[in-house]
Participant: 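My structure is below; once you've seen it, I'll send some questions.
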Amino acid sequence: MLNKLYTKLALVTLALFLILGVVLVEVNRQSSELYALETTQRVNRDIALHAAEDMPLWIDGKPNAPALKELAHHVMLINPIVEVYLIAADGTVLSHALPYGSVEMTRIDLQPLQEFLDPSNPLPIFGDDPREPNSKKVFSVSTITTQGEVQAYLYTVLNGQAYQTARNTVVDSEQLRGGQLTIAVSLMLAVAVGLLCFFGLTRRLRSLMNEVRDYRQGQFRGRIIFPAKKSRDEIGELHHVLGEMSERIEQQFDEIETVDRTRRELIANVSHDLRTPVSALQGYLETAVFKMGSLSEDELSDYINIAHKHSRRLNDRIGELFELAKLESPGIQPNWEVFPLGELIHDLVQDQQLQARELNISLAVHAENENLLARADIALVHRVLENLVSNALKNTHAGGHITVGSFAHDDGICVQVVDDGDGISEAALPHIFERFYSEEVKPKASGNGLGLAIVKRIMELHQSRVTVKSKPNQETVFSFWLPFVEA
């Protein structure tokens, strides 16, 4: 129970309110007392002055004890809390009208008296109480002078023992207890309101904790629901961040599942795709070995040539698998550079001309502007053109035509490879760029390999796309786009 945040906050709040309540009560008590003492001293500031004017307290250089007693009796009769003393110029207590033996000090400090006589000093000012050596009291003082010289001081303590007795009695009064009860009730109400506020503030945190717990129990599948309205405080921000985190984890789970599914499909498709050339290669070689003595030289040569053809096919397929795996590895990025696209197209067509002539196919370049500059990875673009032209050569019959063209399009360059070969069926078009698409519906133009899948991946790395349009037995057009750079 004590591990819960709300419980901890409640206990801390209760402790803080109790400490605050004690401090406030004490500060209020001291402030009220100082205020009362200041008021008392300010109201009675001139009491000593008036008393000194009314009685001859100093006669022939000596204190007039009878006059002081009469004055003290008169003052204390009017105000019982006042105690009257006659103080010499050096601070000695000369006379008073208090009971014998009740005055314990024979000398007081004159510094507070001098401060009191200066009206610029703030009140209250505390001086010695001759009856209580360790106590300081508010007072009033007046000088007694003869021919301009200070002979003595009339010193009146304003909160003497009568005041202390009355004060101690008031401490136990019903009014004070009622005030203390009011403070206690107020503190309890404040604590209750504070706890309710904390309960409301931690409600969203508890709700978020329940969502996270459910999310954990669900093996981190699903998502933490985003708050209906994003709050600007820390809890709202935490809720939003956890929602984004769960969304990202869900995406990563999906990606892992996709990768795992793709891996299984890849293994199955690779096994299936490599089985044919491997089986054919093995079959022809075994036949050649078993019939070595009975085969003619021409038959043996045919077997070896066919086995060699399948070995090359197998080698090409393995190379494509490694190339596609490399292109799909995380973190791979194109090596961006600016180059004249026309020159690259001419070089590629020149490299393919020999094969085109052997197949009796016309291979030409058609470019509206030979000087267009593209920004891309030149090696990867060369690979795209090579795959598309090789694909067109496989799909075009003798006497056919293949054209590689380029032209400006919007803010980029469009490159097209056009052939008038077999074309692609409408059912196969949506799947033409898929890896290991079933050869029963995939046209021979694909070569049943990974060339078009490699083309698509290279365009994805360039944040571009490749498209195909085809009319069976009429025309097939492969198009892709590259960023354009002004010369």
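Residues take their numbers from the sequence shown, with the count starting at 1. Computed from a predicted model, the values in this text were never measured in an experiment.
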Participant: With sequence neighbours excluded, what pairs up with Arg465 under the side chain to side chain contact (heavy atoms under 4.5 Å, CB included) test?
Facilitator: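 For Arg465 the side chain to side chain contact (heavy atoms under 4.5 Å, CB included) partners, ignoring immediate neighbours, are Thr467, Trp481.
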Participant: Given 3.5 Å as the limit, does a donor-acceptor pair link the side chain of Asp128 with the main chain of Asp109, or not?
Facilitator: yes
Participant: So, Asp377 side chain and Asn335 main chain: donor-acceptor pair closer than 3.5 Å or not?
Facilitator: yes
Participant: Quick one about Glu434 and His431 (side-chain donor to acceptor, distance below 3.5 Å, no hydrogens or angles considered), yes or no?
Facilitator: yes
Participant: Please report the shortest heavy-atom distance between Leu429 and Val468, naming the atom on each side.
Facilitator: CD2-CG1, 3.8 Å
Participant: Say whether Asp422 and His397, considering side chains only, have a donor N or O and an acceptor N or O under 3.5 Å apart.
Facilitator: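 Yes, because at least one side-chain N or O of Asp422 sits under 3.5 Å from a partner of the opposite role on His397.
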Participant: With a 3.5 Å distance limit and no angle check, can you tell me whether Asp129 reaches the backbone of Lys137 through a side-chain donor-acceptor pair?
Facilitator: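 No; zero donor-acceptor contacts below 3.5 Å.
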Participant: Check whether Asn305 reaches the backbone of Ser301 with its side chain - one donor and one acceptor, N or O, closer than 3.5 Å.
Facilitator: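 Side chain of Asn305 to backbone of Ser301: a pair is present.
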Participant: Hey, mind stepping through Val404 and His366 against side chain to side chain contact (heavy atoms under 4.5 Å, CB included) and telling me if it holds?
Facilitator: CA-CA 6 Å; Val404 182; His366 176 71; over 6 Å; no
Participant: Any idea how Phe116 and Phe139 line up, ring-wise: parallel (<30°), tilted (30 to 60°), or perpendicular (>60°)?
Facilitator: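 Tilted.
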Participant: So, Ser362 side chain and His401 main chain: donor-acceptor pair closer than 3.5 Å or not?
Facilitator: no
Participant: Without swapping roles, check the side chain of Asp419 against the backbone of Ile402 for a donor-acceptor pair under 3.5 Å.
Facilitator: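 Judged by distance alone, no pair lies under 3.5 Å.
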